Amino acid sequence: MSDVKIKIEKSVFSVEKGTSLSSLLPRVRLQDEPILAKVNGYFIGLDFVLEEDMDIELFSAESEEALDVLWHSTSHLMAHAVLELFPNTQVGVGPAVENGFYYDFLRDVPFTLEDLDRIEEKMEELARRDIPIEKVEMPKEKALKLFKEQGQDLKVELIQEKGGEMVTCYRQDSFIDFCRGPHLSSTGLIKHFKLLSLSGAYWKGDEKGIQLQRIYGTSFFSKAQLKEYLDLLEEAKKRDHRKLGPELDLYSIHEDLGPGLILWHPKGSTVRRLIEDYWREEHIKDGYDFVYSPHVAKLDIWRKSGHTEHYDAMFPFIQLDNVEYQLKPMNCPFHIMVFNSRQKSYRDLPLRWAELGTVYRFERSGVLHGLLRVRGFTQDDAHIFCRADQLEDEIRKATRLAMRMLKTFGFEKFDIYLSTRPENYTGKLEDWNQAEKALERSLKDEGLPYKVDEGEGVFYGPKIDIKIKDAIGRSWQCTTIQLDFNLAERFDLNYIGEDGQAHRPFLIHRALLGSLERFFGILIEHYKGDFPLWLAPIQVKILPIADRHNDYAHSLDALFKEGDLRSEVDMRREKVGYKIREAEMLKIPFILVVGDKEVEQKNASLRVHSQGDKGQINPQEFLEKSKKLIKNKSISLNI
RNA sequence: GCCAGCGUAGCUCAGCCGGUAGAGCAGCUGAUUUGUAAUCAGCGGGUCGGGGGUUCGAAUCCCUUCGCUGGCUCCA
């Protein structure tokens, strides 16, 4: 009987040779329960038998690295299953992605949703067989020959492009894949998975290339985790603004009107108006002025700005009296022309001009999506013209304003990105450097954690993007703060400096909420349609029990309206239960029931949305408390 | 734009291998004066997304077009 030395997390354990890793674990002090281990770059199960001295790293079911490997291995398992079921299929690539994995396939007959069930069954079977997953190294020539023989021409292409002298493959039974790894040690470690959807995908992302079929799926180490994820998808469906929006009578889209064009109904318009009012107040506080510009302009202005060359989402132009007019896709040239309409002095700067500017973009039909991707929308746009010495301060102010507003709307988590100079850029290198430094410093000064997207800036300038995380953890891009060296140059922006010479100002382009349509869609999903009191289209519904209570109900309604509450009375001759049900389904924050008792005591019976009956309340007190919640833009309905 | 799927009343959906459409909810009308998530009864409502074809006959099969969904590509 001999012992082996196992090193885990800096501690060395001596165990009897031939025992399993799991029997050692009780002796190891760990924060999270491990689910997977890694030895020499290989992921192994806890039933691994310890035969020799080794270093072992442990991973919990939540660890990102372990999940990535699981997803990657599950994608191989899926490809394996597909090839077993449909031998003439070619496989493309199959990586782990954000919440799971996909694999691309090329096949004469497209997959159907029913095929997914069959593939899943086959995967279960292969997983149950607990097939070892082996890493195989071989010379490139051998690999090329091997995949050629199997008719995997796409893989051959990949090996030719990416393979070195020796190429790494992973083999599980009959299935072998050109792959860098790492992988799990056996298919038996894959237990809880689900194939989710089927879609098209271009080979190597090339729109003109061949079209493959992509199958998406996900997997987890525990059944509970898989369920949690599937529940999240269900929850997302319930929050879908495309469902809630029309249901709550907020907005609609009509085929007869045109795809991607939004009709804001009165209730949605109320929410929009409140967003806009708040937006204006905040901008006034921050020293912005407002401008307005037309929806069309001569096409020439877009030639000058460079949009005709670089931007392909413009609606076709309109020919009028031999002049071409263009529906605007952006507001920038207009604001710039306001700037250029008078000579500016260094004393005038900074100038901050904001506009809720409605723009039109001919987005390709396949990308339209509810309120999130549309063809006509209103940007909460602004352009800031400033001197070099003001740049950092202006960016800091804009960032701060964005954060302040987003927080007011109830968002608490953010992902902030700083995108720097790409290879193809316009403008002067020194300007880029200065601007990048200013962006970076302003984020640092504000204590905002951010990630740098090296080289991911747009060609005309570096930028800061802020993504918000909603109530169920999804992120949405809202704020963008971008420098624009291109337009400054093309429109020859300048001001007269202290030295009497003309200087080029910095031009900052920024949208904080993004677009009102999009932001509205995000808000609907974030709140699940349960808007906080200050944004709720109807804030209180008064329900008289019988006709004899109508006068009292109306007196309350008048009192609330006088106090700027959005109040309504439901006088229909229906039972209270019926009226309550309807008001609850409309997600109205407060319901006040009034009957004999209330009339007599000059009270009202309060019911808070999704919380139920709260008992009697004095109407004046209710009004004051509501007003306070509204004034504070409170998210909670605690009264 | 590309791939796949889908399109039946305002909404959710049924309608088998072709024989000119049906339910619930909503709406309207009437009765009920009602106490915390659906009172009862009656009525109206669809050229089955549009167009074309096959057929004696099409919601059903084929073609085409529009729209929607999931992705891809795009979003300087």
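Each chain gets a letter, A, B and so on, in the order the sequences are listed, and its residues count up from 1. What you see is a predicted model, and the numbers here were worked out from it, not measured in a lab.
Comparing the P positions of B:G22 and B:C43 gives an interatomic distance of 14 Å, to the nearest angstrom. With C1' as the reference atom, B:G19 and B:C48 are 16 Å apart, rounded to whole Å. Using atom P as the reference point in both B:A21 and B:A59, the two lie 8 Å apart (nearest Å). Spacing of P atoms, B:G42 relative to B:G49, comes out at 30 Å, to the nearest Å. Separating the C1' atom of B:C68 from that of B:U29 is a span of 36 Å, rounded to the nearest Å. Taking atom C1' in both B:U12 and B:C6, the straight-line distance is 15 Å, to the nearest Å. Between the P atoms of B:G53 and B:C28, the separation comes to 42 Å (whole Å). Remark: the separation of the C1' atoms in B:C74 and B:A9 is 38 Å, to the nearest Å.
Judged by distance alone with a 3.5 Å cut-off, a donor-acceptor contact links the side chain of A:Y202 to the base of B:G1. At a cut-off of 3.5 angstrom, the base of B:C74 holds at least one donor-acceptor pair with the side chain of A:R373. For A:R607 against B:A37, a side-chain-to-base donor-acceptor contact under 3.5 Å is present.
Dashed line: the shortest gap from a side-chain N or O of A:S365 to OP1 or OP2 of B:G1 is under 4.0 Å. The side chain of A:H254 places no N or O atom within less than 4.0 Å of a non-bridging phosphate oxygen (OP1 or OP2) of B:G67.
Separating the CD atom of A:E582 from the P atom of B:U36 is a distance of 18 Å, rounded to the nearest angstrom. Taking atom CD of residue A:E574 and atom P of nucleotide B:U34, one finds them 14 Å apart after rounding to whole Å. Following rounding to the nearest Å, A:K579 (NZ) and B:U33 (P) show an atom-to-atom distance of 14 Å. Taking atom NZ of A:K597 as the reference point, atom P of B:G35 lies 11 Å away to the nearest angstrom. Note: CE (A:M314) to C1' (B:C75) measures 14 Å, nearest angstrom. Here the C1' atom of nucleotide B:C72 and the CG atom of A:D206 are 11 Å apart, to the nearest Å. Distance CG (A:L368) to P (B:C74): 17 Å, rounded to an integer number of Å. Between the CG atom of A:D108 and the C1' atom of B:A4 there is a distance of 16 Å, given to the nearest Å.
Rounded to the nearest 0.5 angstrom, A:D613 CG and A:Q611 CD are separated by 11.5 Å. Atoms CZ and CZ, on A:R490 and A:R303 in that order, are 12.5 Å from each other to the nearest 0.5 Å. Residue A:E454 holds its CD atom at 4.0 Å from OG1 of A:T420, rounded to the nearest 0.5 Å.
Among the atoms of the strands shown, base atoms are found under 4.0 Å from some heavy atom of A:E598. Residue contacts shown for A:G595 include a base, since a base heavy atom lies under 4.0 Å away. Within the nucleic acid shown, A:R214 comes within 4.0 Å of sugar-phosphate atoms alone, with no base atom in reach, counting heavy atoms only. Base contact: A:V593 has a heavy atom under 4.0 Å from a base atom. If you check every strand for non-hydrogen atoms under 4.0 Å, A:F459 touches a base. As judged by a 4.0 angstrom heavy-atom cut-off over every strand, A:G366 is placed among the base-contacting residues. Heavy atoms of A:A201 sit under 4.0 angstrom from primed sugar atoms or phosphate atoms, though from no base atom.
Side chain of A:H369, nearest nucleotide from B:A26, B:U34, B:G70: B:G70. Distances were taken from every side-chain heavy atom of A:D613 (C-beta onward) to each of B:G71, B:U39, B:U36; the shortest belongs to B:U36. Comparing B:U36, B:G71, B:U34 by their closest approach to the side chain of A:Y216 singles out B:G71. When each of B:U36, B:U34, B:C68 is scored by its nearest atom to the side-chain atoms of A:P259, the top-ranked nucleotide is B:C68. Closest contact between the side chain of A:V367 and the listed nucleotides B:U73, B:G35, B:G71 involves B:U73. The nucleotide whose nearest atom lies closest to any side-chain atom of A:Q213 is, among B:C3, B:C74, B:C72, B:C3. Among the nucleotides B:G71, B:C2, B:U34, the one closest to any side-chain atom of A:Q211 is B:C2. With distances taken from any side-chain atom of A:M585 to the nucleotides B:A37, B:G1, B:G71, the minimum falls on B:A37. Nearest nucleotide to the side chain of A:R242, out of B:U73, B:U39, B:U69: B:U69. Distance from the side chain of A:E584 is smallest for B:A37 among the nucleotides B:A37, B:A38, B:G71.
A cation-pi arrangement is found for A:R375 relative to A:F362, the charged atom lying closer than 6.0 Å to the ring centre and inside a 45° cone about the ring normal.
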Completion exercise
Protein-proximity profile, nucleotides 5-12 of chain B, B/S/- by nucleotide at the 4.0 Å heavy-atom cutoff, equals --------

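The 12-atom threshold is exceeded at CD of A:E161, counting heavy atoms of other residues, nucleotides or ligands nearer than 6.0 Å. The 12-atom threshold is exceeded at CE of A:M314, counting heavy atoms of other residues, nucleotides or ligands nearer than 6.0 Å. Within 6.0 Å of the CE atom in A:M337, the count of heavy atoms belonging to other residues, nucleotides or ligands does not exceed 12.
Between A:K204 and A:E157, at least one side-chain nitrogen of the basic residue sits less than 4.0 Å from a carboxylate oxygen of the acidic one, meeting the salt-bridge criterion.
Within the shown strands, B:G30 is the pairing partner of B:C40 under the Watson-Crick or G-U definition, both distances less than 3.5 Å. When both distances must be under 3.5 Å, the Watson-Crick or G-U wobble mate of B:G5 is B:C68. Base pairing of B:C25: its partner is B:G10, meeting the Watson-Crick or G-U wobble criterion (both donor-acceptor distances under 3.5 Å).
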Practice task
Take A:K597 and A:E600 through the salt bridge (charged side-chain N to carboxylate O under 4.0 Å, His left out) test and state the conclusion after the steps.
Solution key: CA-CA 5 Å; A:K597 258 186 292 176; A:E600 194 186 320; over 6 Å; no

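Position along RNA chain B of the nearest nucleotide to A:S610 versus A:D240 favours A:S610 as the more 5'-ward residue. Heavy-atom distances to RNA chain B give each of A:R364 and A:D547 a nearest nucleotide, and the one nearer the 5′ end belongs to A:R364.
Between A:E525 and the choices A:R239, A:H241, A:K238, the side-chain hydrogen bond (donor to acceptor under 3.5 Å, both in side chains) rule is met once, by A:H241.
A:K328 contributes no side-chain N or O that, together with a main-chain N or O of A:P333, makes up a donor-acceptor pair within less than 3.5 Å.
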